[in-house]
Amino acid sequence: MTTKYSKLEQTRLEKMEQLRAQGIDPYPTRAQRTHTNLEAIRAFETAEQAGEQAPVKATLVGRLRSMRPMGKVTFAHIEDGSGRVQLFLRANELGPEKMDLFAHLFDLGDFVQANGEMFRTRTGEVTLRVESFEMLAKAISPLPAAKDQVVDGEVVQHATLAEPELRYRQRYADLAVNPEVRLIFRRRAYAIRALRDFMDRHDFIEVETPVLQPLYGGAAARPFITHHNQLKQDLFLRISFELYLKRLIVGGFERVYEIGRDFRNEGVDRTHNPEFTMLEFYWAYADYLQVMDFTEQMVAFVAEQVLGSRIVPFQGQQIDFNPPWRRVQLRQGLIDTAEIDIEDHPTAESMVQAMRAIGLQPDPKAPRGKLIEKLMSEVLEPTLIQPTFVYDYPRDISPLAKSFPGDPRMVERFEGYAAGFELCNAFTELNDPMDQEARFIEMGQDYAEGDDDRHPLDEDYLRAMRYGMPPMGGFGLGIDRLAMLMTDNANIREVILFPHLRSREE
RNA sequence: GGGCGUGUAGCUCAAUGGCAGAGCAGUGGCCUUUUAAGCCAUUGGUUGAAGGUUCGAGUCCUUCCACGCUCACCA
């Protein structure tokens, strides 16, 4: 493919040739730097406050983000990872040739290096008085931002890259011109670090289990299928970590967790990306109530680490993650919001009628558990703005969760909600191999031929369980959704660096 | 998959079916403390793609592509 250059790009290519003609390498191999931009400004301010006479000398680097040539004087801003600093170039120091070079062959977006002394301009901005400068990397394509300025240390953009498609497809450009996007991903990183911290402090060991699996399981989702050529074997990308992590508890680890990627071959919308990041943990000798307490502490800790507060602003609301969270039994929650008592509707037929009576359009062929789930997501879920645990679920939608002592129709399970969407899912884990085998078989019947959510029976998992699996609590949390909460974004794509988009012919 | 909407210069956006424009960016020039610098001049378009209606289409119609919102789907 031959690259088609725009007029603007052709101009820059010509400038690059002129640089070469002057013996200037537009892409030198090495850079020098004595301070980050922020460090240089701090160093100057410290010296200034101490009344030191010796000048603060600095060699700084960064991308050219603004230029104001004024004849014999030029002001510019460069930006590095720490922020921006203003450059001041004057013919007195540099001579007319260098001034000309900078004004005509350097462009916005170029990476440059500049050396000089720090000083304060008449308007009070700490600035580098440039004694020499170098090209570090010529930018051929102009960044998609027309102009911006710094006011009181804040970058004000007068025309910014806004088109979502371009922002996601060219995330590098989005990050380069939109500092608030960089902040989103810093916060995401802090959140993940806080989660690791929290797990490590509670003596959990971080492990890694297979992404490529001969069988998939642990969640109800369609998998991606791939193939190993040399082994002539079809493999699945994992849809959860659950079955492998619980094998590790059989092996004698008491507390394990994994942070990694799951892949689900399903619809894409503002809370679903085909690949997404999960935290799962398994905790021997604990139950779902202990996990509930632990979850509140964990999320509160993350909010505090990321935002310095347990009260999180989200889409105009204040979400208060201070423990304890509200706790609502699923049955009671549905009585309160839908005025349907699921105990009154022991069959799928009865559930369908009850749901129709309140104006829903349930799938008449769905099993009872799926209907209850549908009812919940339609009626209860949208009301769960403040953090809430919904607990005690019907057994038939929770094939890996342990039944209630004395009530085999219900299981010890909870889901955590906030801002109207599901954040996490946990249960007391089923550890009875005979019951588990029965559930797998049951599930195979419920999800009859043609149902994409039907799952293969994992014999090896049952074998592991037959060696003896201690009682335990298990937990899964969608880290992308947590990142949405921590960054006040209603769309999952805003918190994934390279979200999946349909491919496009260029 | 359905519905609604969007797609025009590098970016942000205008344009009743009647000459495709503005601001910024770019280019040339003036300007020795500016910060959306200012002033003068100036370049820049396959209007997402392909068809159609019309004397004439950015605008109306059809199909397609991509994106957004929404519904459906989504233990």
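Remember, it's a predicted structure, so these values are computed and weren't measured experimentally. Every chain is numbered from 1, with letters handed out A, B, ... down the list of sequences.
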Any-strand Watson-Crick or G-U partner of rC24(B), both distances under 3.5 Å: rG10(B)
For rA72(B), the Watson-Crick or wobble partner whose two distances fall under 3.5 Å: none
Whole-angstrom distance between rC55(B) and rG17(B), as gauged at atom C1': 12 Å
Nearest-angstrom distance, P atom, rC61(B) to rU53(B): 15 Å
Tyr168(A) versus Glu494(A), side-chain donor and acceptor atoms under 3.5 Å: yes
Between Gln86(A) and Thr121(A), a side-chain donor and acceptor under 3.5 Å: no
Base paired to rU16(B) (Watson-Crick or G-U; both N/O distances under 3.5 angstrom): none
Whole-angstrom distance between rG18(B) and rG56(B), as gauged at atom C1': 7 Å
Value in whole Å for how far the P atom of rC74(B) lies from CG of Asp363(A): 8 Å
Euclidean distance for P, rG29(B) against rC69(B) (whole angstrom): 47 Å
Rounded distance in Å - CG (Asn178(A)) to P (rC11(B)): 13 Å
Protein-nucleotide distance (Leu166(A), atom CG; rC67(B), atom C1'), rounded to Å: 11 Å
Comparing His500(A) and Val268(A) on RNA chain B - which has the more 5′ nearest nucleotide: His500(A)
Members of residues 11-19 of chain A that approach RNA chain B, where some heavy atom sits under 4.0 Å away: Thr11(A), Lys15(A)
Test item: Gln213(A) side-chain N/O and Arg238(A) main-chain N/O as donor-acceptor pair under 3.5 Å: no
rU43(B): pairing nucleotide in any strand, Watson-Crick or G-U under 3.5 angstrom: none
Backbone of Gly473(A) reached by a side-chain donor or acceptor of Asp287(A) within 3.5 Å: no
Identified pairing partner of rA57(B), criterion: Watson-Crick or G-U wobble below 3.5 Å: none
From rU70(B), rA75(B), rG26(B), nucleotide with atom closest to Lys370(A) side chain: rA75(B)
Complementary nucleotide of rU32(B), counting Watson-Crick and G-U pairs under 3.5 Å: none
Salt bridge (charged side-chain N to carboxylate O under 4.0 Å, His left out) contacts touching residues 417-428 of chain A (sequence neighbours left out): none
Whole-angstrom distance between rU16(B) and rG10(B), as gauged at atom P: 22 Å
Which pairs would a plain distance check flag for residues 98-112 of chain A, meaning a side-chain donor or acceptor within less than 3.5 Å of a matching protein atom at least two apart in sequence or in another chain?
from, atom 1, to, atom 2, distance (Å)
Asp100(A), OD1, His104(A), NE2, 3.2
Asp107(A), OD1, Lys15(A), NZ, 2.6
Asp107(A), OD2, Lys15(A), NZ, 3.2
Asp107(A), OD2, Lys138(A), NZ, 2.7
Asp110(A), OD1, Ala139(A), N, 2.8
Asp110(A), OD2, Asp107(A), N, 2.8
Asp110(A), OD2, Lys138(A), NZ, 2.7

Given rC67(B), rA25(B), rC69(B), the nucleotide with the shortest approach to the side chain of Leu501(A): rC67(B)
C1' atoms of rG58(B) and rA9(B), separation to the nearest Å: 14 Å
Between protein and nucleotides 30-34 of chain B, what N or O pairs are separated by less than 3.5 Å?
from, atom 1, to, atom 2, distance (Å)
rC31(B), N3, Gly71(A), N, 3.2
rC31(B), N4, Gly71(A), N, 3.1
rU32(B), N3, Asn92(A), OD1, 2.6
rU32(B), O4, Asn92(A), OD1, 2.8
rU33(B), O2', Arg122(A), NE, 3.2
rU33(B), O2', Arg122(A), NH1, 3.2
rU33(B), O2, Arg122(A), N, 2.8
rU34(B), O2, Arg68(A), NE, 2.9
rU34(B), O2, Arg68(A), NH2, 2.9
rU34(B), O2, Gln86(A), OE1, 3.3
rU34(B), N3, Gln86(A), OE1, 2.9
rU34(B), N3, Gln86(A), NE2, 3.2
rU34(B), O4, Gln86(A), NE2, 2.9
rU34(B), O4, Thr121(A), OG1, 2.8
rU34(B), O4, Thr123(A), OG1, 3.1

Any side-chain donor near an acceptor of the partner, Lys246(A) and Tyr461(A), under 3.5 Å: yes
Lys/Arg-Asp/Glu bridge criterion (N-O < 4.0 Å) met for Arg129(A), Glu131(A): no
P gap between rG51(B) and rU43(B), integer Å: 32 Å
Under 3.5 Å donor-acceptor, Arg171(A) side chain and Phe498(A) backbone: no
Position toward the 5' end of RNA chain B (nearest nucleotide), Arg413(A) or Tyr168(A): Tyr168(A)
Residue matched to rA49(B) through Watson-Crick or wobble contacts both under 3.5 angstrom: rU63(B)
Rounded distance (Å) that lies between atom P of rA25(B) and atom CD of Gln10(A): 21 Å
Among rA75(B), rA72(B), rG10(B), the one nearest Ile397(A) by side-chain distance: rA75(B)
Pairing residues for Phe88(A) by the ring-ring contact (aromatic ring centres under 6.0 Å, His included) criterion, not counting sequence neighbours: Phe75(A), Phe119(A)
Could you pull out the protein-nucleic contacts involving nucleotides 40-46 of chain B (nitrogen or oxygen on both sides, under 3.5 Å)?
none

Distance, rounded to the nearest Å, where Arg169(A) contributes CZ and rG7(B) contributes C1': 13 Å
Inter-residue atom distance Arg395(A).CZ - Ser403(A).OG, 0.5 Å rounding: 5.0 Å
